[in-house]
Amino acid sequence: MIKKCLFPAAGYGTRFLPATKSMPKEMMPVVNKPLIEYGVEEALAAGLNEISIVTGRGKRALADHFDTNYELEHQIKGTDKEPMLNDIRRLIDECSFSYTRQQEMKGLGHAILTGQTLIGDEPFAVLLADDLCINQGDGVLSQMVRLFKQFRCSIVAIQEVPADETGKYGIIAGDMIREDLYRITDMVEKPAPEDAPSSLAIIGRYILTPDIFDIIRNTSPGKNGEVQITDALLQQAKDGCVLAYRFKGKRFDCGSVDGYIAATNYCYDQFYQKNNGG
Ligand code: G1P
């Protein structure tokens, strides 16, 4: 039912300069796998195999990563290195990849609108690759797709954050439907703690119904002069219904150095060391 997942990936990644000067921030490796690959794995596990990527200048490595490298394959064929490409090969086989370029950085809302040409008129997911989510059971998008089947409206993933961190996130207020689900009544992009309607923060997983595109088109620039998806979603919530889902699982903010290091340590312990005889 939902087949497409949009990856806004045009941003500069300034917090990781100089590493991101000529390399897309989405290609930063957590152990030996780039961030965006974790994201595509999560999307595919949720049944979303049409991957739509909004890229920009200097982001060609993304398209190259999701393509066959014949020279490399030839070099390592039959060696003990060959299995190291198994995961990415599976993604290339099972997903389709399409790209469009965002000319100007005018905010996440604008990036999502740029993706309309790839999405068309159907519900879709949005995944921000620098929010790395890791679960023992179902991934966050799988949990959200299940909810969408039931409620058929836009859904954002949320997490409780410390009160002094509200300025880093979109913050919601809502009526509780059940322990892990709210119907949104208010949303503010990156409020100061004293202006925050709660400490429930949006993290980078969304399911959006396609009417969001017209709403974004009519949304004026907000916080930092950028077109914010948070503002468009508040309008959608007022017109109908938007849900906020407190997901199950771990999330690392790999857009920050601390979160990135924590993710690296966690993945090293959980996956790499275990699989490599540690
Ligand atoms: C974006 C959104 C924000 C959301 C966050 C999640 O902000 O604008 O509402 O809480 O992603 O990571 P960014 O981190 O891109 O500044």
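As the structure lists them, so they are numbered: ligands from 1, and atoms in each ligand from 1. A quick note: this is a predicted structure, and the numbers were derived from the prediction, not measured. Values reported hereafter were calculated over all heavy atoms of this structure, with side chains retained and with hydrogens, waters and symmetry mates removed.
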If I apply the N/O under 3.5 Å rule, does [X] come out as touching ligand 1?
| X | value |
| --- | --- |
| I229 | no |
| K168 | no |
| R251 | no |

Min side-chain heavy-atom separation [X]-[Y] under 4.5 Å:
| X | Y | answer |
| --- | --- | --- |
| F124 | I212 | yes |
| L208 | I229 | yes |
| K33 | Y38 | yes |

> Protein heavy-atom contact under 4.0 Å for atom 7 (O) of ligand 1?
Replying inline: yes

> Less than 4.0 Å between atom 16 (O) of ligand 1 and some protein heavy atom, yes or no?
Replying inline: yes

Contacting atoms of ligand 1, where contact means under 4.0 angstrom from a heavy atom of [X]:
| X | result |
| --- | --- |
| T230 | 9 (O) |
| D131 | 6 (C), 12 (O) |
| Y169 | 10 (O) |
| L128 | 11 (O) |

> Between the candidates G170, S256, G204, G255, which shows the shortest non-hydrogen contact distance to atom 3 (C) of ligand 1?
Replying inline: G170

>> Would you say the ring centers of Y182 and Y245 fall short of 6.0 Å from each other?
In response: no

> So, for Y266 and F252, is the gap between ring centers shorter than 6.0 Å?
Replying inline: yes

> Does K223 come within less than 4.0 Å of D231, counting only side-chain N to carboxylate O?
Replying inline: no

> Do E26 and K59 sit within salt-bridge range, that is, some charged N less than 4.0 Å from a carboxylate O?
Replying inline: yes

Distance from [atom] to nearest protein heavy atom, with residue and atom:
| atom | answer |
| --- | --- |
| atom 2 (C) of ligand 1 | E189 OE2, 3.6 Å |
| atom 10 (O) of ligand 1 | I202 O, 2.7 Å |
| atom 1 (C) of ligand 1 | L108 CD2, 4.0 Å |
| atom 13 (P) of ligand 1 | K190 NZ, 3.7 Å |

>> So does L200 get a backbone contact from the side chain of Q159, meaning a donor-acceptor N/O pair under 3.5 Å?
In response: no

> Looking only at heavy atoms of K223, does any of them come nearer than 4.0 Å to an atom of ligand 1?
Replying inline: no

> Can you find a side-chain donor-acceptor pair between D211 and T209 that sits under 3.5 Å?
Replying inline: yes

> Side chains of H65 and E37: donor-acceptor distance under 3.5 Å anywhere?
Replying inline: yes

